[in-house]
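Just below is one structure, and these are the notes that go with it.
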Amino acid sequence: MLISVLLILFCIYLWFLNKFSYWKKLGFPYSPGKFLLGSGPGIGITEHPSYFVKREYEKFKNSAPAFGAYLMAYPILVPTDPDLIRDIFVRKYDIFQNRGFTVSERADPLSQHLLFKNDDEWKNLRTKLSPTFTSSRMKMMFTNVAAKADRMVEYLMPYAEKNESIEMKEIYSSFSTEIIADVAFGIQIKCLGNPENEFRKMANIVFQPSILENLKLFFLIAFSRTATFLNIGYTNPEIISFFMKIVKETLDYRLKNNLERNDFFQLLMNIYKTDEISFIEFAANSYVFFLAGFETSSSAMMFSSYELALNQDIQGRLRTEINEVIAKHNGKVTYEAIMEMKYLDMVFNESMRKFPIVDLQHRKNLKDYRIPNTNLVIKAGTTIMIPVYCLHNDERFWENPDKFDPERFTSENIKKRHAFCYIPFSEGPRQCIGMRFGQMQTKVGLVKLLLKYKILPCEKTIYPMKFVPNATFQCPVGGMWLKLEKLENS
Ligand code: HEM
């Protein structure tokens, strides 16, 4: 018995040894793997992936356009050269268009959305959904978003009056959940001050995955065909039944009452009614707005507020711009006024540079690809992780990257840089479809907040920043604690 166990362990050891020779054989520099654990044993447990990837990136960035690493025994490739990243996103996009997640509809109906679709299925769906995100559609939804921002600003008043510290991540998450529930599901909810709200609870399940759920995601990326064969889904069953039920009820209600609204739900419903998408795709793509739009937008607000609290001069200049532009628009915060605020855009971009939120963007190539001017070949089916956080904080492209400096985003300074060293929304045909909405929501929230309050750091504000190890996106340990001071003339 003991001999059999030792023999099995020995075979596993040899299998790992063989797996760990993958990058060496192909000639890529690499971060060596440790038996059973891979190159970054603490990823998702003791440290957030951003830190592991940044450490390794710094070792290799000047010597190679990409380096290899092992997630357990599974090889991943991390590009360090913006030219290669441009090829992946744009020039050779036909080879690199997929993210490489494959989840069967039977195992997980809610995964039939844009983020997880591949090849022609993705292309067709993207073509149908793109008209949903034009500027005119954003303008249509502006009033809904602005109303939620007003509610948030009002909700915060007692905290400001009592000079109390506030955990702003929860505030922005609630604000963002109220918006998504409204525009993607047609439901009016109140989560601010009500953490027991069902929608809010669902968000916590999705964005604070357990270690087991992180392992499941890894399995789906690494062994997607086996996962499909074994009927393994990604989405938590509680989430599936919650969202399927909501979409069904709202759809029935609107059809029965002949109700039309200016929201994403209506736009998806119009496509559904012409049979262009199935009910499952309808539900899955309402859900993806929540999945892809909620945590990203609320985090963008959170990190912008953080930097504004730490940089009072920049906050002051931004408030001056806001007041001047609003004055030109008869004292009203309109869609046009927000679009006119240049400095606000620079502040937003600089926050996304320091904290891109989606710190790794995934691709899997359909064919072998030789990196130009090298002998390095990326074999078909390689999992590629674009290191956005590393590029955004790389001294090769950004002088003094730790400094929060919106001047980096004047049009003159943008022209001086490689376009692919700043990619918070990705680039090319597969870039974020909801970018305009995410920007609008973040900017409206910030403008309304800055018109009423000064954002200040407090004794609990985290500095320097440290990310929660097992969070899906970048998220501060202990929350984002800040203070608000009511402005005299507000
Ligand atoms: C500040 C807010 C946001 C950020 C930083 C962000 C970031 C991103 C990034 C980086 C990607 C591409 C990932 C990759 O290439 O692997 C992406 C894709 C996507 N985003 Fe966003 N996003 C934001 C807001 C939104 C919103 C509000 C929505 C929807 C309402 C949304 C919907 C999507 C969808 C559906 C995709 C997949 C697109 C496709 O594969 O065709 N995002 N987002």
Side-chain angles (χ1 to χ4, degrees), residues 79 85 88-90 93 96-101 110-130 132-134 137-138 141 144-145 148 172-173 175-177 179-185 221 263-265 267-268 281 284-304 345 347-364 383-389 391-392 420 422-446 472-475:
I85 293 168
I88 292 173
F89 282 151
V90 181
Y93 130 84
F96 294 98
Q97 60 180 272
N98 293 337
R99 296 205 170 86
F101 303 108
L110 272 196
S111 67
Q112 304 310 301
H113 52 63
L114 266 189
L115 264 173
F116 283 11
K117 289 256 185 197
N118 295 313
D119 306 313
D120 284 348
E121 276 196 73
W122 166 75
K123 246 185 240 166
N124 291 336
L125 192 58
R126 176 96 189 196
T127 311
K128 286 173 198 160
L129 295 185
S130 288
T132 312
F133 291 92
T134 57
R137 305 286 197 200
M138 296 305 108
M141 285 179 242
N144 301 34
V145 175
K148 303 290 178 210
Y172 294 145
S173 297
F175 165 63
S176 202
T177 310
I179 292 174
I180 292 283
D182 181 1
V183 298
F185 299 94
I221 297 172
D263 58 18
F264 286 132
F265 194 91
L267 298 166
L268 281 176
E281 283 178 320
N285 286 288
S286 297
Y287 173 65
V288 84
F289 296 161
F290 173 72
L291 184 71
F294 147 76
E295 180 88 348
T296 46
S297 305
S298 61
S299 299
M301 270 191 89
M302 174 181 73
F303 286 121
S304 304
D345 196 50
V347 168
F348 174 84
N349 288 335
E350 176 65 348
S351 305
M352 298 297 291
R353 179 194 67 80
K354 277 195 81 176
F355 304 109
I357 307 161
V358 186
D359 58 329
L360 292 168
Q361 295 171 14
H362 296 237
R363 292 293 183 273
K364 203 175 228 179
T383 289
I384 301 164
M385 293 196 182
I386 310 290
V388 187
Y389 178 65
L391 289 161
H392 286 196
F420 287 77
Y422 181 70
I423 45 169
F425 293 96
S426 188
E427 279 295 336
R430 197 113 205 201
Q431 83 168 160
C432 176
I433 199 172
M435 179 170 78
R436 284 200 187 98
F437 190 78
Q439 286 176 337
M440 175 179 82
Q441 167 180 339
T442 307
K443 288 179 179 178
V444 176
L446 282 175
T472 309
F473 295 135
Q474 295 183 328
C475 169

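Given the structure is predicted, the values throughout are model-derived calculations rather than measurements. For ligands, and for the atoms within them, numbers begin at 1 and follow the listed sequence.
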By number and element, which atoms of ligand 1 are closer than 4.0 Å to a non-hydrogen atom of [X]?
{"X": "Q361", "result": "10 (C), 14 (C), 15 (O), 16 (O)"}
{"X": "W122", "result": "39 (C), 40 (O), 41 (O)"}
{"X": "R430", "result": "39 (C), 40 (O), 41 (O)"}
{"X": "S426", "result": "10 (C), 12 (C), 15 (O)"}
{"X": "F437", "result": "27 (C)"}

Checklist entry - Taking the inter-plane angle between the rings of F290 and F294 on a 0 to 90° scale, is it parallel (under 30°), tilted (30 to 60°) or perpendicular (over 60°)? => result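 Because their plane-to-plane angle is under 30°, the rings of F290 and F294 count as parallel.
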Next on the checklist: Which label fits F264 and F133: parallel for a plane angle under 30°, tilted from 30 to 60°, or perpendicular past 60°?
Outcome noted: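 Answer is tilted, since the angle falls between 30° and 60°.
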Next on the checklist: Within the 3.5 Å criterion, strictly below it, is a donor on Q441 or S176 matched to an acceptor on the partner's side chain?
Outcome noted: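 The answer is yes; a qualifying pair exists.
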Please determine if [X] has a nitrogen or oxygen closer than 3.5 Å to a nitrogen or oxygen of ligand 1.
{"X": "R126", "answer": "yes"}
{"X": "S297", "answer": "no"}
{"X": "R363", "answer": "yes"}

Identity and separation of the nearest protein heavy atom to [atom]:
{"atom": "atom 37 (C) of ligand 1", "result": "L115 CD2, 3.8 Å"}
{"atom": "atom 13 (C) of ligand 1", "result": "R99 NH2, 3.7 Å"}
{"atom": "atom 29 (C) of ligand 1", "result": "F289 CD2, 3.8 Å"}

State whether the side chain of [X] and the backbone N or O of [Y] hold a donor-acceptor pair below 3.5 Å, judged by distance alone.
{"X": "N98", "Y": "D119", "answer": "yes"}
{"X": "H392", "Y": "M352", "answer": "yes"}
{"X": "N118", "Y": "F101", "answer": "yes"}
{"X": "R363", "Y": "I384", "answer": "no"}
{"X": "Y422", "Y": "N349", "answer": "yes"}

If we set the cut-off at 4.0 Å for heavy atoms, which region of [X] has an atom near ligand 1: side chain, backbone, both, or neither?
{"X": "P424", "result": "backbone"}
{"X": "H113", "result": "neither"}
{"X": "Q441", "result": "neither"}

Checklist entry - Quick one: are R99 and K364 in side-chain contact, heavy atoms under 4.5 Å? => result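 No, their side chains stay 4.5 Å or more apart.
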Item to check | Interatomic distance, M435 atom CE to S426 atom OG [nearest 0.5 angstrom] | outcome: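 It is 10.5 Å, given to the nearest 0.5 Å.
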Checklist entry - Is there a heavy atom in L114 that sits closer than 4.0 Å to ligand 1? => result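 It does, in that a heavy atom of L114 comes within the 4.0 Å cut-off of ligand 1.
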Checklist entry - With a 4.0 Å cut-off on heavy atoms, does M352 reach ligand 1? => result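 Yes.
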Checklist entry - Taking only residues two or more places apart in sequence or in another chain, which ones pass salt bridge (Lys or Arg N to Asp or Glu O under 4.0 Å) with R353? => result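 Residues passing salt bridge (Lys or Arg N to Asp or Glu O under 4.0 Å) with R353: E350.
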Item to check | Listed protein N/O/S atoms, distance to atom 21 (Fe) of ligand 1 under 2.8 Å | outcome: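 Near atom 21 (Fe) of ligand 1, the protein supplies C432 SG.
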Checklist entry - How close do L125 and Q112 get, heavy atom to heavy atom, and via which atoms? => result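 Looks like CD2-O, 4.4 Å.
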Checklist entry - Checking side-chain contact (heavy atoms from CB on, under 4.5 Å) for the pair V145/D182: CA distance, chi angles, key distance, verdict? => result CA-CA 9 Å; V145 175; D182 181 1; over 6 Å; no
Checklist entry - Does the pair E281/K128 count as a salt bridge with the N-to-O cut at 4.0 Å? => result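 The answer is no: the pair does not qualify as a salt bridge.
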